[in-house]
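Worksheet for the structure shown next.
Side chains are part of it too, since the values below use all heavy atoms of this structure and drop only hydrogens, waters and symmetry mates. Note that the numbering runs from 1 along the sequence shown for the chain.
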Amino acid sequence: MQTRLARLYQKGDLRIETDTVPVPGPGEVLLKMAAAGICGSDLHYYQDGGFGPVRVREPIIPGHEASGTVSQPGEGVDLKAGVLVAINPSQPCGHCEYCAKGLPIHCLEMRFMGSAMRLPHEQGMFREWLVVPAKQCFEVGPATTAAEAACSEPLSVCLHAASRAGEIPGKRVLITGAGPIGALMVAVAAYHGATEIVVTDLADAALERAKAMGASRAINVSRDAAALAAFEAGKGYFDLVFECSAAAPAIRSAIAAIRPRGTIVQVGVTGEIPIPLNAIVGKELHIHGTQRFHEEFATAVALISSRKIDVRPIISHSLPLEEANAAFALAGDRTTACKVQLTF
C-alpha cells in the first residue's frame, strides 16, 4: 500500500510525495489519518529550518498532533476497526534513569513523532496512512470530530503547564500570547477555577478567540500597552502568569505585572533572551519551565470528548494534504489563522 505524505527537506521546501505503508505488527495499528494540526514547531521548521538549537538536518515528515481511524488492528490489539482515535506522539523508552524515576517527559531516549531534535529525525504524522503502537492511540467520544480529536496534543501541553503552576482556583491569571497554545491555556485556567484571566497579544483575531475560550479581558498591547501597565501598580497584580509567546517584551511585562512571590510558567519556547533578573530576585518570583506532557494526554482526550473543554473555537482552517504549502503559509498569518489543520 502507498501513502501520500508531506516531507520537509529544508526551510520552505515541503514536498507532497508517496511512500510504502508497512503492515501493522503485533501491538500496532494501521490508521487512516483524519486531521493533523500545524504546530508552532512545525511552522518554525518550515519558515526558519528549526528553532533554537533544533534544526532540520535531514528530510522529515512533520506533524505531531493528529487523529485517525483504525483501519487494521495488529495481533493482540483491542481497538476495533472504524474507531476514531487521538494519537499520542510521545514515545519514552521506559527504562532510562528518568523513566525509572517517574519522569518520562525527560526520557534520555525520547522519541517524539515529527521532531528534529534527534538524528535520525523522528518522522511525523502528515501522511495519509500511519502505523503506530496501539498504546499511543486513545479512543475519543462518539460525538467528537476528527478536528477536535487532533487538538488532544496541544491541550495536553497546556494541562501539563497547569500542573507546574501549583494551585489555580481563585487565582488572578495573566496569559501572554493568544495563539493556539495561549487560547487553550485560557480554557485550562478557566477549567481549573481561575477567577480572572487576562490575555495579551498583538493580533485582534487571536484575542477574540481567547475571549471565546473564556478570557475575562483581552488586551492588544500593540495599541494599548498602558492597559497592561496599569497592572504593575503596587508591585504587581497577577498571582500567576502563563507566558505563551516567548517574546522578550511579553516576558518583561509579565515580570512587571505579577505580584511578589507569584508564579510564572514559561510555556513558549525561544532561544536566549535578556530578562530583568533584578526584578525576579526583588519580587522573589517562582519561575517554572514546562515541557510536553505524559499522563495528561489521556486527560485531554477525556476533556475534549466530554466538551468540558471545547476546543472548537481555535480551529480556524482545514486544508487537504495536497495544499500543505498553502496551509503552512496560512498558519503563519496570525491576523486570520489560529489552528490550521490538514485533512486526509
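- Checked against the 6.0 Å centroid threshold, Y45 and F51 count as a close aromatic pair.
- Side-chain contact between R252 and I255 is absent, with no heavy-atom pair separated by less than 4.5 Å.
- Within 6.0 Å of the CD atom in E232, the count of heavy atoms belonging to other residues, nucleotides or ligands exceeds 12.
- Hydrophobic clustering places L43 together with I60 (ILVMFWY residues linked when any side-chain heavy atoms are closer than 4.5 Å, directly or through intermediates).
- In this structure, I219 is not a member of the same hydrophobic cluster as F242, with clusters built from ILVMFWY side-chain heavy atoms closer than 4.5 Å.
- For the pair T18 and L5, the minimum side-chain heavy-atom distance is 4.5 Å or more.
- Panel note: side chain E296, backbone H294; a donor-acceptor pair is recorded below 3.5 Å.
- Side-chain polar atoms of T343 and Q341 form no donor-acceptor pair below 3.5 angstrom.
- Salt-bridge formation is not detected for the pair R127/D19: no Lys NZ or Arg NE/NH1/NH2 atom is positioned less than 4.0 Å from an Asp or Glu carboxylate oxygen.
- The aromatic rings of F238 and F231 sit tilted, their planes meeting at an angle between 30° and 60°.
- If you check the side chains of E122 and S115, you find no donor sitting under 3.5 Å from an acceptor.
- Linking ILVMFWY residues whenever their side-chain heavy atoms come closer than 4.5 Å, directly or via other members, places L14 and V54 in the same cluster.
- For the residue pair N88 and S90, no side-chain donor N or O sits within less than 3.5 Å of a side-chain acceptor on the partner.
- Between the side chains of N325 and Y46, at least one donor N or O sits under 3.5 Å from an acceptor N or O.
- Cluster annotation: L321 and F328 are assigned to the same hydrophobic cluster (Ile/Leu/Val/Met/Phe/Trp/Tyr, side-chain heavy-atom contacts under 4.5 Å, transitive).
- A donor-acceptor contact shorter than 3.5 Å links the side chain of S67 to the backbone of A146.
- Side-chain atoms of E243 come within 3.5 Å of backbone N or O of S245 as a donor-acceptor pair.
- Salt bridge annotation for R217-E196: absent, with no cationic side-chain nitrogen under 4.0 angstrom from a carboxylate oxygen.
- Atom CD of residue E153 and atom CD of residue E65 lie 5.5 Å apart, to the nearest 0.5 angstrom.
- By the side chain to side chain contact (heavy atoms under 4.5 Å, CB included) test, R259 is found to be paired with D239, R261, residues two or more places apart in sequence or in another chain being considered.
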Donor-acceptor contacts under 3.5 Å from residues 205-215 side chains, at least two apart:
unit_1	atom_1	unit_2	atom_2	d
E208	OE2	K211	NZ	3.0
R209	NH2	T336	O	3.0

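- No side-chain donor-acceptor contact under 3.5 Å links Q266 and T290.
- In the hydrophobic clustering of this structure, V157 does not group with M113; members are Ile, Leu, Val, Met, Phe, Trp, Tyr whose side-chain heavy atoms approach within less than 4.5 Å, directly or through other members.
- Ion pair E167/K171 not flagged as a salt bridge, since none of the NZ, NE, NH1 or NH2 atoms sits closer than 4.0 Å to an Asp/Glu carboxylate oxygen.
- For R57 (side chain) and M117 (main-chain N/O), a donor-acceptor pair under 3.5 Å exists by modelled atom type.
- Applying the side chain to side chain donor-acceptor pair (under 3.5 Å) criterion to R292, with sequence neighbours excluded, gives no partner residue.
- Residue M33 forms a side-chain contact (heavy atoms from CB on, under 4.5 Å) with just one option from T69, I87, T3, and that option is I87.
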